[in-house]
Amino acid sequence: MRKLIAGNWKMNGLRADGTALARALAARHLDAGPDCELLICPPATLLAEIAPLLAGTGIALGGQDCHPDAVGAHTGDISAAMLKDAGCAYVILGHSERRREHHETDALVRRKVGAARATELIPIVCVGETAAERDAGRTLAVIGAQLSGSLPALAGADPLVIAYEPVWAIGTGRTPKQHEIADVHAFIRSELAKGTPRAATVRILYGGSVNAKNAQDILPIANVDGALVGGASLDAQAFWTIALAAGD
Ligand code: 13P
């Protein structure tokens with residue numbers, strides 16, 4: 001399966017620097033595209049402006065969250081249809097920062113996945129343990145519960161992406177050991193296989209302190225089908241180096 005390298009810009013980027021970054025990536029991609037799929041998820045304010053900059057490059061656009069309802073009185077929220085209308089093909093759902101800062105539960109994430117699917121956006125559903133959960137030996141139990149709670153029935157043919165993001169690895173410069181990543185990704189694959197015969201086609205991304213240096217060690221690990229990159233995705237050269245490592 002071709003790997004997917006996704007940049008989650010989080011709450012970073014004003015019009016000037018956000019469009020400059022998108023233009024820099026678009027120019028590189030047109031010059032010589034890497035042997036992987038690329039996706040950037042800028043802040044919502046930049047989506048409509050960046051969409052035309054990516055047109056024809058093969059770089060996809062994604063949102064960072066959506067509301068579970070299709071429309072209505074939800075001040076400050078964004079619907080899946082609005083993301084689609086702005087040019088998105090993907091949406092990140094259940095990121096640990098949203099679970100923590102906005103008290104998002106598995107049940108809410110599951111409804112958001114339904115909303116994304118109804119709009120034909122590809123959901124990237126994030127799961128991952130805290131440091132305390134890992135230390136207590138509960139990593140797989142926590143991830144199993146997040147998967148079963150956050151995913152609707154998987155019978156359909158709708159595409160789906162899972163991102164394994166250990167909470168303690170996000171923005172810290174720390175990453176799990178290679179065999180720890182392999183264990184969790186194999187577990188996620190086997191959990192998915194319980195619900196769908198097409199588990200082998202679901203991309204499972206690793207996220208958490210992926211950078212230009214460690215990408216070449218992380219991306220070849222079994223069942224790692226790409227990366228969800230935070231900080232390093234804000235630097236065109238670093239993001240590009242990660243993308244090139246995905247094609248090796
Ligand atoms: P960092 O790459 O900055 O650790 O962030 C990872 C992340 O949360 C991507 O969604």
Side-chain angles (χ1 to χ4, degrees), residues 3-13 17-18 21 25 36-44 46-47 59-66 78 83 88-102 104 109 112-113 116 121-131 133-134 139 142-143 146-147 150 160-178 180-181 184-185 188 203-219 221 224-246:
K3 294 193 195 293
L4 172 66
I5 303 299
N8 175 8
W9 293 9
K10 308 191 180 185
M11 198 173 72
N12 295 290
D17 52 319
L21 178 53
L25 294 171
C36 67
E37 288 181 33
L38 281 185
L39 163 68
I40 57 173
C41 301
L46 297 182
L47 291 173
I59 304 176
L61 190 65
Q64 298 178 11
D65 177 48
C66 72
I78 296 173
L83 293 178
C88 292
Y90 290 82
V91 59
I92 299 170
L93 295 174
H95 193 281
S96 64
E97 286 151 15
R98 293 207 60 85
R99 290 177 186 263
R100 185 177 68 236
E101 296 177 20
H102 298 273
E104 292 197 2
V109 175
K112 292 183 176 200
V113 174
L121 285 179
I122 302 174
I124 302 175
V125 179
C126 302
V127 296
E129 81 286 359
T130 63
E133 288 163 346
R134 177 162 281 273
T139 298
V142 166
I143 289 166
Q146 287 175 334
L147 287 173
S150 304
L160 169 71
V161 179
I162 304 292
Y164 168 50
E165 299 209 311
V167 178
W168 53 271
I170 294 175
T172 59
R174 297 169 55 212
T175 55
K177 297 186 175 67
Q178 290 186 350
E180 292 171 330
I181 295 176
V184 174
H185 280 239
I188 292 172
R203 282 200 176 102
I204 306 174
L205 311 183
Y206 170 77
S209 293
V210 175
N211 59 40
K213 286 207 178 98
N214 62 22
Q216 63 201 8
D217 299 323
I218 292 171
L219 288 167
I221 297 172
V224 172
D225 305 312
L228 183 53
V229 185
S233 74
L234 298 172
D235 180 284
Q237 181 59 45
F239 192 60
W240 203 252
T241 304
I242 295 166
L244 291 177

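Just so you know, ligand 1 is whichever comes first in the structure, and atom 1 is the first atom listed for that ligand. Sequence positions, counted from 1, serve as the residue numbers for this chain.
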**Q** Look up atom CD1 in I124 and atom CG in N8, then write down how far apart they are to the nearest 0.5 Å.
**A** 8.5 Å
**Q** Check ligand 1 for N or O atoms under 3.5 Å from a protein N or O and list each pair with its distance.
**A**
from	atom 1	to	atom 2	distance (Å)
ligand 1	2 (O)	G230	N	2.9
ligand 1	3 (O)	G231	N	2.8
ligand 1	4 (O)	G171	N	2.6
ligand 1	4 (O)	S209	N	2.8
ligand 1	5 (O)	K10	NZ	3.2
ligand 1	8 (O)	K10	NZ	2.8
ligand 1	8 (O)	H95	NE2	2.8
ligand 1	8 (O)	E165	OE1	3.4
ligand 1	10 (O)	N8	ND2	3.0
ligand 1	10 (O)	H95	NE2	2.9
ligand 1	10 (O)	E165	OE1	3.2
ligand 1	10 (O)	E165	OE2	2.9

**Q** Please list, chain by chain and in numerical order, all residues satisfying side chain to side chain contact (heavy atoms under 4.5 Å, CB included) with I143, sequence neighbours excluded.
**A** V127, E129, T139, Q146, L147, Y164, V184, F187, I188
**Q** Does one side chain, of T130 or R100, offer a donor that lies under 3.5 Å from an acceptor on the other?
**A** no
**Q** Go through the side-chain N and O atoms of H95 and Q64 and say whether any donor and acceptor fall under 3.5 Å apart.
**A** no
**Q** Once you round to the nearest 0.5 Å, how far does CD of E97 lie from CG of D65?
**A** 12.0 Å
**Q** Rounded to the nearest 0.5 Å, how far apart are CD1 of I204 and CG of L228?
**A** 14.0 Å
